[in-house]
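Take a look at the structure below.
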Amino acid sequence: MKAIVLGAGKGTRLLSEKYNMPKVLRKANGKPLIGYVLDALSFLEQEDITVVVGYKKEMVYENIKGNYKLISQDEQLGTGHAVMVTEEEFKEYDGPILVAYGDMPLYKRSTYEKMFEKHEKENATCTVLTAVIDDPPAYGRIIRNDDNEMIGVVEAKDCTAEQLAVKELNVGVYVFDSKFLFDNLKLLKNNNVQKEYYLTDIPKLVMEKNKKLITHTIYNSNEVYGVNTLEELEFCEKILSEETK
Ligand code: UD1
Ligand code: CA
């Protein structure tokens, strides 16, 4: 398996301009957020991990040591677009790709591994990590049909009131078949509230094309808390410092 970690975003809500730092380099408990993600993915070879950088990318280049592949997304047009800019890197590759977000530092290695194992065992085209949370944050909602099959993700900002009531969330980790992924990223449209190309629109295409879309679900786990705001940074720091005690 290979992996892509997205870290091009600025982190407006973290006052990145004031702190003169891109979001994924903000530290929690002494280590940059993206460092936690890369460490949890250390069951893969570094050269098999592509990191997408953008805002203040020179700083990220300096901070990520090792043989990771770094690719620049010059304009941040959304998570789907961020994966699209890596297409050239994966031209010769035909196999599973895990996509993770650099602002979600709490995932454990075992969570990534379990998801990957399920993806392989079920021969899926796309496996989405989902979480059921009693008091859901503003994450994308997992939409299921009457047969309880996943049919898509709707971003919280794009949700109807009924969709917002769903307690199963998209928590930003996916495994995709590489060929399906890159063929279909080209079809994404940015007709949503944020005018972005959402990676989260890919699962719906998997379903529509009768390919195998599956989920791996975790329940009330702390691992799913990412960092968008200063409060969330503090929250993650608290969890990380308890873990290292
Ligand atoms: C994303 C998911 C949402 C999910 C949540 C979980 C999408 C569209 N939405 O929302 O469903 O519930 O994560 O945390 O994917 N990035 C880039 N380039 C871009 C945009 C983003 O590299 O053009 C990076 C950011 O640096 C960040 C990650 O992708 O590390 C996620 O982006 P962010 O804007 O934080 O997505 P969310 O709104 O949190
Ligand atoms: Ca985020």
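For clarity, every value in this text was computed on a predicted model and none was experimentally measured. We count ligands from 1, going down the list as the structure has it; atoms in each ligand are counted the same way.
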Practice problem: Please check atom 34 (O) of ligand 1 for a protein heavy-atom neighbour under 4.0 Å. | Solution: no

Quiz item: Among protein heavy atoms, which lies nearest atom 4 (C) of ligand 1, and at what distance?
Solution: Asn170 O, 3.3 Å

Quiz prompt | Tyr101 N/O under 3.5 Å from ligand 1 N/O | solution = yes

Quiz item: Should the pair Lys108-Glu243 be classified as a salt bridge under the 4.0 Å nitrogen-to-oxygen rule?
Solution: yes

Quiz item: Asp103: which N/O/S atom is nearest the Ca ion (ligand 2)?
Solution: OD2

Quiz item: What atoms of ligand 1 come within less than 4.0 Å of a heavy atom belonging to Leu77?
Solution: 23 (O)

Self-check item: Verify atom 12 (O) of ligand 1: protein non-hydrogen atom under 4.0 angstrom away
Solution: yes

Quiz item: Quick one: does Val52 get an N or O within less than 3.5 Å of an N or O on ligand 1?
Solution: no

Self-check item: Leu6-ligand 1 polar pair, N/O distance under 3.5 Å
Solution: yes

Self-check item: Which atom of Leu187 lies closest to which atom of Lys209, heavy atoms considered
Solution: CD1-NZ, 3.4 Å

Quiz item: Nearest heavy atom to atom 18 (N) of ligand 1: which of Lys157, Gln76, Gln73, Glu155 does it belong to?
Solution: Gln73

Quiz item: Between Phe182 and Phe90, how do the two ring planes meet: parallel, tilted or perpendicular, split at 30° and 60°?
Solution: parallel

Quiz item: For Thr200, is the nearest heavy atom under 4.0 Å from an atom of ligand 1?
Solution: yes

Quiz item: So does Asp103 pair up with Arg26, basic N to acidic O under 4.0 Å?
Solution: no

Self-check item: Glu168 and Arg144 ion-paired at < 4.0 Å
Solution: yes

Exercise. Compare all side-chain heavy atoms of Phe43 with those of Leu41 and state whether any distance is below 4.5 angstrom.
Key: yes

Quiz item: Considering only heavy atoms, does Ala8 approach ligand 1 within less than 4.0 Å through its side chain, its backbone, both, or neither?
Solution: both

Quiz item: At what distance is the nearest protein heavy atom to atom 14 (O) of ligand 1, and which residue and atom is it?
Solution: Met104 SD, 3.2 Å

Practice problem: Would you mind telling me if ligand 1 is within reach of the side chain of Asn228, the backbone, both or neither, using heavy atoms under 4.0 Å? | Solution: side chain

Quiz item: Taking only heavy atoms of Ala82, which atoms of ligand 1 are found under 4.0 Å from at least one of them?
Solution: 17 (C), 18 (N), 22 (O)

Self-check item: Heteroatom distance test (Gly9, ligand 1): nitrogen or oxygen, under 3.5 angstrom
Solution: yes

Exercise. Tell me which protein heavy atom sits closest to atom 38 (O) of ligand 1, plus the residue, atom name and distance to 0.1 Å.
Key: Arg13 NH2, 4.5 Å

Self-check item: Lys NZ or Arg CZ of Lys23 over Tyr55 ring: under 6.0 Å, within 45°
Solution: no

Quiz item: When only distance counts, is Gly172 in polar contact with ligand 1, meaning an N/O pair under 3.5 Å?
Solution: no

Practice problem: Using distance alone, determine whether Leu199 and ligand 1 share an N or O pair under 3.5 Å. | Solution: no

Quiz item: Which of the atoms in ligand 1, numbered in the order shown and given with their element, are less than 4.0 Å from a heavy-atom of Gly102?
Solution: 30 (O)

Practice problem: Would you mind running through ligand 1 and noting each atom that sits below 4.0 Å from a heavy atom of Lys23? | Solution: 35 (O)

Exercise. Please indicate, with yes or no, if any protein heavy atom is found under 4.0 Å from atom 29 (O) of ligand 1?
Key: yes

Practice problem: Check whether any N, O or S atom of Asn228, backbone or side chain, sits closer than 3.0 Å to the Ca ion (ligand 2). | Solution: yes

Quiz prompt | Salt bridge Glu87-Lys186, side-chain N to carboxylate O under 4.0 Å | solution = yes

Quiz item: Hey, is Lys211 close enough to Asp177 for a salt bridge, meaning N to O under 4.0 Å?
Solution: no

Practice problem: Before giving the answer on salt bridge (Lys or Arg N to Asp or Glu O under 4.0 Å), spell out for Lys91 and Glu88 the whole-Å C-alpha distance, their side-chain angles and the decisive distance to 0.1 Å. | Solution: CA-CA 5 Å; Lys91 228 173 52 191; Glu88 191 60 26; 3.0 Å; yes

Quiz item: Are side-chain N/O atoms of Tyr61 and Tyr68 paired as donor and acceptor at under 3.5 Å?
Solution: no

Quiz prompt | Residues Lys204, Glu208: salt bridge by 4.0 Å N-O rule | solution = yes

Quiz item: Is there a donor-acceptor contact under 3.5 Å from the side chain of Lys118 to the main chain of Thr215?
Solution: yes

Quiz item: Taking the minimum heavy-atom distance to atom 20 (C) of ligand 1, which of Gly78, Ala131, Gly54 ranks first?
Solution: Gly78

Self-check item: Close side-chain approach of Asp39 to Lys31, heavy-atom, < 4.5 Å
Solution: yes

Self-check item: From the candidates Thr79, Val227, Val154, the one that places a heavy atom nearest atom 7 (C) of ligand 1
Solution: Thr79

